[in-house]
Amino acid sequence: MRYSALNLFREGLTGHKNWPHAWRSPELKKSYDVVIIGGGGHGLATAYYLAKNHGLTNIALVERGWLGGGNTGRNTTIVRSNYFFPESAAFYDFALKLYEGLSTDLNYNIMLSQRGMLSLAHSEHDLEMMNRSCNAMQLNGVPAKMMTAEEIGKRVPSLDVSKSVRYPIWGGLMQERGGVARHDAVAWGYARQASALGVDIIQNCEVTGFDIEGGRVKAVKTSQGTIHTEKVGIAVAGHSSVIAGMAGFRLPIRSYALQAFVSEPMKPVLDTVLMTPATGVYISQSDKGELVFGAALDLYASYAQRGNLPVLEDTVAGLLQMFPNFSRVRMLRQWAGICDVVHDSTAIVGKTPVDGMYINCGWGTGGFKAIPAGGYTLAHTIAHDDPHPLVKPFSFERFKTGALIDEAAASGIAH
Amino acid sequence: MMLITCPFCGARDENEFRCADEGHIIRPEPYTDVSAEQWADYLFYRDNPKGLIVERWHHQHGCGLWFNVVRDTVTHEIKAIYEMTEPKPDLEAL
């Protein structure tokens, strides 16, 4: 059933008892044309675009836990495309453009709020580098502007803009089209439409191995049985190395925990997304009024979705440096997601050493903003057995040739 | 929070240490015979295991010693600590 004002009214007359499930929960079949591993944003978007753009509907999407239960439901929901290199700018701005039309496309309100993404400069040198980034963005066709300290003080009145603090504010780089979106809604919206187009979404189904013959994938072994297929798409973020290991190849990835924090709800105090490279802290206020923030990675390998205390302390210290008036705010929750970090902070989308197996990984700390384009390009890559032009530079080849895309903007800070 | 036992200083807070990637990675040589694949493998590709990992740690804000740690990446339990010159232990036996 379409979500519309008319249907809302109609269902309201009968006590909202007849809304159908957002997606089907079918039985797993013995074989599919394509199997997607991972029911996060990237996997669900891949399934959706395979069905919508490429007419492939005999697809199974298998998820070990529940939909959007990994990094998709654990991130700080920021969307932006303030990247430096042309390859990244083209890709991430395409993602942002898809986000801008996504609520309509999916008939699902993803609550996109383009409230502006502001990165702060704390010295003359920061400001010079930021001007360079701003120019690069404009050259790449991504609107951006520099703001003075005075303008920032007016835009974010609760921010400490005094000269005496550890990191005084010299100016900032603003992308007005940046903002936040409801992360769960992105997963659920893609799942609902993919399911409507015929994709079988199978939750609580863990991949345990593959059947590979003559270098070509033949089947995926799962906790619910073996699925015969000629094509497999992998979108499992922090667990990419584990799945790749089952298929017999290694990845240029290290898995780290990235923490996120939510405070108790408050009256509106911050109407933009704010980021400071000096401490790595980024913060926004949710529609419910909670402060949602995070900072740097825990810098040792981890598959534990909880995070460590030193980084928590650093994050809070960095936050209070910017907003001393938040010192009495109580924290509600803290958690961590496992990020698949690549040496050059650029993702990997494309073919793998196994024929018929394709991967979407390496988003590191910034996978959420990439979801629509990550799914769109992986779907194209699977359907055509050839990388989408936007992700040609994001292949494994670059580690051999040295054509790395060393995108510090991917993480926003130097990890 | 981890308590890491530096072979020289004893048990110290994880704050004092820096993790410096997986251990026992050997640089391929001689450089004239190293292919682009081998070099990429050495520089970028890692096991990244879910479970026991062997890492090099550096007591950066302490005595400055480098040493090896065998750690579980899920529980963060430290199974063994040994010096840089010692061979890689049998992880199955730990």
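Scope of the values below: all heavy atoms of this structure, side chains included, with no hydrogens, waters or symmetry mates. This one's a predicted model, so the numbers in the text were calculated from it and none came from an experiment. So you know, we letter chains A, B, ... as the sequences are listed, proteins then strands, and number each from 1.
No part of B:Ser35 comes within reach of chain A, as not one of its non-hydrogen atoms sits under 4.5 angstrom from that chain. Within the 4.5 angstrom heavy-atom criterion, only side-chain atoms of B:Glu55, from C-beta onward, approach chain A. Contacts between B:Arg18 and chain A at a heavy-atom distance below 4.5 Å are absent for every atom of the residue. Using a 4.5 Å cut-off between heavy atoms, B:Glu14 touches chain A through its side chain atoms alone. B:Asp21 touches chain A through its side chain: at least one heavy atom from C-beta onward sits under 4.5 Å away, while N, CA, C and O do not.
Between A:Ser255 atom OG and B:Arg46 atom CZ the span is 13.5 Å, to the nearest 0.5 Å. How far OG1 of B:Thr73 is from OH of A:Tyr256: 12.0 Å, rounded to the nearest 0.5 Å. Of the inter-residue distances, the one linking B:Phe44 atom CZ with A:Leu251 atom CG reads 14.0 Å to the nearest 0.5 angstrom.
Within residues 303-317 of chain A, the residues that have a heavy atom under 4.5 Å from a heavy atom of chain B are A:Tyr303, A:Ala304, A:Arg306, A:Asn308, A:Leu309, A:Pro310, listed by number.
Comparing B:Asp41, B:Asp13, B:Leu43 by heavy-atom pairs within less than 4.5 Å of chain A, the highest count is held by B:Asp41. Ranked by non-hydrogen atom pairs under 4.5 Å with chain A, the options B:Gln38, B:Glu37, B:Met1 are led by B:Glu37.
In the displayed structure, A:His343 atom NE2 is contacted under 6.0 Å by at most 12 heavy atoms of other residues, nucleotides or ligands. Annotation: B:Phe8, atom CZ; neighbour count of heavy atoms from other residues, nucleotides and ligands within 6.0 Å does not exceed 12. The local environment of CD in A:Gln334 is crowded, with over 12 non-hydrogen atoms from other residues, nucleotides or ligands closer than 6.0 Å.
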Passes side-chain contact (heavy atoms from CB on, under 4.5 Å), B:Tyr45 versus A:Phe249? Steps please. CA-CA 10 Å; B:Tyr45 285 75; A:Phe249 58 93; over 6 Å; no

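Relative ring orientation between A:Tyr300 and B:His76 is described as perpendicular, the plane-to-plane angle rising above 60° on a 0-90° scale split at 30° and 60°.
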